[in-house]
Amino acid sequence: MAPGETVLVLGPSGSGKSTLTLCLDGLIPQLVEGEYGGRVAIAGLVVDESPVHVLAQQAGLVFQDPDAQFCTLTVEDEIAFGLENLCLPSADIENAIDEALLSVGLAGYRKRHLATLSGGEKQRVAIAAVLAMGPRVLVLDEPSANLDPQATSDLFALLRSLAADGRHTMVIIEHKLDELMEWVDTVLVLEAGGRLLYRGSPSEAFYRRGDALAEAGVWRPQTVELVKALREAGWDVPGDPVDVGTTIASLAATPGLMERLRMRTAGSVSPGDGRAKTREVVMEATAVSYRYRGGRAGSVASDAGRNALTDVSLTLARGELLALIGPNGAGKSTFASLITGVLEPSRGKVFLGGRDIVDLGPSALSERVGYVFQNPEHQFVADTVLGELAFSLSPKAGRKGVRHLNSQQRSLVEWWLDRLGLLPLAEASPFALSQGQKRRLSVAAMLIRGQSVLVLDEPTLGQDESQAFRLMEMTQEFRSSGGSVIMITHDMRLVGEYADSLLVLVAGRSVYSGTPEGFFSRPEMVEASGLATPALGRVSAGLRLSSGIPDGLLTVGAFLSSAGRNGSGAS
Amino acid sequence: MTPPAPAPSYLYRRNPSIKLLAVVLVALTLTFIFDPATPAVLFCLTLLVGRLLAGLSLWSQVKPLWVFVLAGVAILLANIFFNKENAVSPALVYIGSLKITAPALWAAGTLWLRLMAFALLSLVFVKSTEPQHLVLSLVHQLRLNYRVAYSTLAGYRMLPLFQSDYQTIRAAHRVRGVKEGNGWLRLWSRTRRYAIPLLAGAVRKAGRIAVAMDARAFGALPSRTYRERMVVQPADWVFLALVLLVVAAITAALWLAGVARFAVG
């Protein structure tokens with residue numbers, strides 16, 4: 001890596017991305033045990049021969065979970081921590097703290113307690129804490145994983161400005177690619193087993209090696225997928241654009257494409273288009289409010305007495321996928337807890353198939369509504385994979401073995417195991433599965449009872465492309481059999497690709513309810529809600545400005561169905 | 001998530017090690033006292049100190065002690081049933097066929113009030129001390145190894161995360177249709193169900209924190225510097241002396257009045 005270079009590391013789960021980061025500052029092989037071979041050198045220092053404290057000044061590591069990388073309680077102590085370890089005199093430390101905070105845009109945060117910061121602020125403090133040590137190389141392992149869309153954009157803007165001054169070489173592991181594409185110099189792709197699959201420029205990676213990347217289960221920018229799909233449909237898209245800006249220019253320069261889009265999309269994209277005319281309402285929430293009682297464990301004191309939710313309403317139709325989005329702390333999880341009966345509304349009612357869920361009772365409710373929590377491990381209740389599925393059908397069988405299931409239930413469990421590819425692991429502990437397997441198992445354990453509504457909390461968090469795809473495939477199948485899905489997510493790409501409708505919450509209130517197209521074509525509203533438009537939505541909006549096509553195209557499919565095949569003529 | 005930071009006050013500004021020493025000395029005095037009145041007086045005194053010198057409202061001091069009130073009931077029952085003096089002492093009152101004797105009440109009251117006084121002392125200490133300052137002071141004044149001290153602090157940070165994880169897991173299991181049995185028999189299976197995901201999460205988190213600390217050169221050198229140094233000021237010694245003086249004066253006065261009794265061992 002050259003000084004000042006920004007390298008994006010891609011690869012499926014378990015391909016050794018995080019292991020690589022630990023090699024970059026000598027924690028591997030010096031402090032983490034294992035077999036190590038090869039040679040890593042930073043600024044001429046070979047990592048297995050140089051003292052850790054010398055290496056720590058060359059490479060700074062930032063991890064994805066802010067709460068698992070702080071070791072003190074306040075901002076200033078946290079930044080001082082590394083400098084104190086290097087035995088710097090306190091006067092130097094004081095200066096370094098101010099300087100580091102200034103460089104991440106947090107001047108004035110010095111005395112704040114870490115617990116009072118938002119996720120985005122915490123990540124900035126983590127970056128300031130390593131910047132203070134003056135490293136040449138910054139290594140960031142999925143720094144945006146726990147952040148909402150606005151905080152993610154802010155973080156990426158900060159990283160971009162740090163990269164731009166040329167003083168820092170950066171290694172970033174991320175799968176939110178579309179925003180990074182504009183300024184990343186090099187892409188490094190690892191495949192399962194930790195072998196290097198590719199190293200080179202982003203456009204080279206995604207256009208020349210795209211198939212190999214897809215096969216390895218690596219996330220690719222949505223813009224690249226769009227260009228490829230258009231080319232396959234016979235459109236002669238010039239250049240190999242990887243970011244939103246160049247994609248807009250390339251599409252605008254594609255012979256005939258703009259004319260076709262202007263013609264085809266005029267008036268055809270309207271809310272509710274292509275959706276079933278008769279909506280069979282499955283679930284309804286009417287002006288639901290919730291107020292946490294004072295002294296609730298785990299809450300900040302100021303939460304008590306404040307409305308977590310105010311007058312939020314919802315209707316969910318059979319087969320519909322509704323995305324519940326909004327910044328962190330907007331009340332998404334609280335709302336999900338209300339419609340699944342985990343909490344009871346302070347005001348307003350939730351109806352399921354016309355009946356108040358309070359009257360329905362917890363066990364009848366859990367037969368109809370499934371709730372998949374963010375961390376699959378939190379929901380495991382049995383000792384084996386088989387037991388997890390059996391438990392959903394009969395708690396007794398989950399605890400004491402499948403002999404307590406009848407033959408029909410037993411074959412249902414086996415059918416699911418086979419479908420999940422978990423037959424060989426039926427007797428393994430659910431905790432021993434891979435991230436993707438855990439997630440799919442937790443969803444299956446919810447679907448096996450034949451629920452009609454499924455609530456998913458951040459289903460694709462920490463999943464690689466192929467894992468996320470398989471998971472969404474499961475949801476799509478569930479929907480085609482008549483199930484309805486409510487999905488909480490920060491992943492706007494997922495929202496654009498799968499959601500029929502949106503419910504946007506900000507500070508406990510509903511600010512938008514309707515189609516994704518209707519929401520994302522109003523940038524001022526998106527921004528005011530602290531959210532971000534998915535990459536293709538931005539391409540679509542850019543084309544509206546430059547070429548006058550109606551926007552609101554959020555998916556590759558939407559673009560394709562508007563553009564049609566080139567040469568096939570308008571039909 | 002994390003308990004609110006203590007507000008600056010007279011007690012807050014005292015050196016944590018000296019404060020700790022004061023608490024330990026008062027607690028030690030309590031262990032030699034065998035009458036209900038002296039611990040009760042010390043309890044009230046601590047309440048007053050908490051109110052006036054640490055700015056803690058009386059309610060915020062008393063409310064967290066409810067567990068110890070429950071413990072008091074248990075102690076009382078144990079003494080009514082099992083106190084050795086019961087057989088030889090006259091009954092104060094009979095409840096049904098249950099004989100309540102003065103020694104039983106005396107012993108229960110003494111034990112319970114001592115427990116309450118211990119608990120309140122610790123509470124006021126915790127609520128008036130910044131954890132970071134305590135850690136620094138333990139290193140600077142009591143020569144605790146800094147690696148141990150900072151690792152403890154990192155562990156302390158995890159406690160509220162643990163608590164919120166526990167809440168989430170409970171809700172997650174309820175959604176799975178797990179019946180929340182409230183009998184003692186169910187306790188074991190419930191504990192086990194919660195413990196595995198909690199521990200799996202904690203181990204992973206602890207590992208990550210350890211790596212993050214290593215990456216910032218923690219423990220790489222035999223010593224480290226400190227941005228802030230905890231020092232013992234004359235005012236801290238004055239505080240300690242005052243505490244000892246007042247406690248000694250009170251116990252002496254109560255002893256002279258024939259109220260306080262001492263038991264050795």
Side-chain angles (χ1 to χ4, degrees), chain A residues 22 25 27 31-32 51-53 56-57 60-61 63 65 67-74 76-77 80-90 93-94 97 113-115 129-130 133 297-298 300-301 337 340 342 362-363 366-367 370-371 373 375 377-381 391-392 395 399 431 445, chain B residues 1-5 63 130-132 135-136 146 150-151 153-154 156-158 160-161 163-179 189 193 196-198 200-201 204-221 223-229:
Chain A
L22 298 186
D25 76 342
L27 290 182
L31 292 170
V32 181
V52 172
H53 71 276
Q57 296 170 73
L61 263 55
F63 302 91
D65 183 355
D67 286 319
Q69 59 185 309
F70 291 148
C71 5
T72 64
L73 300 167
T74 65
E76 55 181 348
D77 286 329
F81 179 77
L83 303 170
E84 293 171 337
N85 291 333
L86 297 174
C87 291
L88 256 63
S90 61
I93 294 178
E94 300 294 336
I97 293 174
H113 269 245
L114 293 168
V130 299
M133 299 173 81
V300 191
S337 300
T340 49
V342 174
S363 68
S366 73
E367 269 169 38
Y371 185 178
F373 279 57
N375 182 347
E377 288 186 357
H378 286 167
Q379 254 172 327
F380 291 149
V381 293
F391 184 92
S392 298
R399 276 196 296 272
F431 287 90
Chain B
M1 302 267 289
T2 310
K63 194 182 154 208
E130 190 93 53
Q132 175 87 11
V135 165
L136 287 177
Y146 83 83
Y150 270 81
S151 306
L153 185 65
Y156 168 81
R157 282 199 78 253
M158 283 178 60
L161 304 177
Q163 197 185 16
S164 72
D165 269 4
Y166 172 75
Q167 304 276 349
T168 312
I169 292 170
R170 268 189 69 172
H173 284 196
R174 257 207 321 271
V175 169
R176 287 289 316 262
V178 176
K179 298 264 185 324
S189 75
R193 251 193 311 113
I196 297 172
L198 268 178
R204 206 170 299 136
K205 214 150 234 174
R208 287 194 195 132
I209 293 181
V211 167
M213 289 169 86
D214 284 340
R216 288 202 276 152
F218 178 72
L221 298 171
S223 72
R224 74 199 290 277
T225 52
Y226 296 90
R227 188 179 65 82
E228 268 182 302
R229 273 204 98 80

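So that the names make sense, note that chain A is the first sequence line, chain B the second, and so on, each numbered from 1.
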> Side chain, backbone, both or neither: which part of A/Asn375 has a heavy atom under 4.5 Å from chain B?
Replying inline: neither
> Hey, would you say the B/Phe218 and B/Tyr146 ring centroids sit under 6.0 Å apart?
Replying inline: yes
> For chain B, which of A/Val381, A/Val342, A/Leu61, A/Leu114 has the most heavy-atom pairs under 4.5 Å?
Replying inline: A/Val381
> Distance from B/Thr168 atom OG1 to B/Arg170 atom CZ, nearest 0.5 Å?
Replying inline: 11.5 Å
>> Just so I understand: if I count every heavy-atom pair under 4.5 Å between each of B/Val135, B/Leu198, B/Leu153 and chain A, which residue has the most?
In response: B/Leu153
>> Can you list everything that forms a salt bridge (Lys or Arg N to Asp or Glu O under 4.0 Å) with A/Glu94? Sequence neighbours excluded, please.
In response: A/Arg110, B/Arg227
> So, the side chain of A/Asn85 versus the backbone of B/Arg216: is there a donor-acceptor pair under 3.5 Å, distance only?
Replying inline: yes
> With distance as the sole test, does B/Thr225 use its side chain to make a donor-acceptor pair with the main-chain N or O of A/Pro89 at under 3.5 Å?
Replying inline: no
> So what's closer than 4.5 Å to chain B heavy atoms on A/Tyr371: side chain, backbone, both or neither?
Replying inline: both
>> For A/Glu76, which atoms come within 4.5 Å of any heavy atom of chain B: side chain, backbone, both, or neither?
In response: both
>> Between A/Ile97 and chain B, with a heavy-atom cut-off of 4.5 Å, which part of the residue counts as in contact: side chain, backbone, both or neither?
In response: side chain
>> Quick check on A/Leu31 against chain B: is it the side chain, the backbone, both or neither that has a heavy atom closer than 4.5 Å?
In response: side chain
>> Taking the six-membered ring for Trp, are A/Phe81 and B/Tyr150 closer than 6.0 Å centroid to centroid?
In response: yes
>> Among A/Asp25, A/Leu83, A/Ile93, A/Leu27, which residue has the highest count of heavy-atom pairs closer than 4.5 Å to chain B?
In response: A/Leu27
>> Below 4.5 Å, heavy-atom pairs only: which of A/Asp65, A/Thr340, A/Val52 has the largest tally toward chain B?
In response: A/Asp65
>> Need one label for B/Ser151: side chain, backbone, both or neither, based on atoms under 4.5 Å from any heavy atom in chain A.
In response: neither
>> Less than 4.5 Å to any heavy atom of chain A: does that hold for the side chain of B/Val211, its backbone, both, or neither?
In response: both
> Would a distance-only check, ignoring hydrogens and angles, find a side-chain to backbone donor-acceptor pair under 3.5 Å from B/Arg157 to A/Thr72?
Replying inline: yes
> Looking at residues at least two apart in the chain, or sitting in another chain, which of them share a ring pair (Phe, Tyr, Trp, His ring centres under 6.0 Å) with A/Phe391?
Replying inline: none
> Do the side chain of A/His53 and the main chain of B/Gly219 share a donor and acceptor less than 3.5 angstrom apart?
Replying inline: no
> What option among A/Ser366, A/Gly82, A/Cys87 has the most heavy-atom pairs under 4.5 Å with chain B?
Replying inline: A/Cys87
> Which of the residues B/Arg229, B/Arg224, B/Lys205 is involved in the greatest number of heavy-atom pairs with chain A at under 4.5 angstrom?
Replying inline: B/Arg224
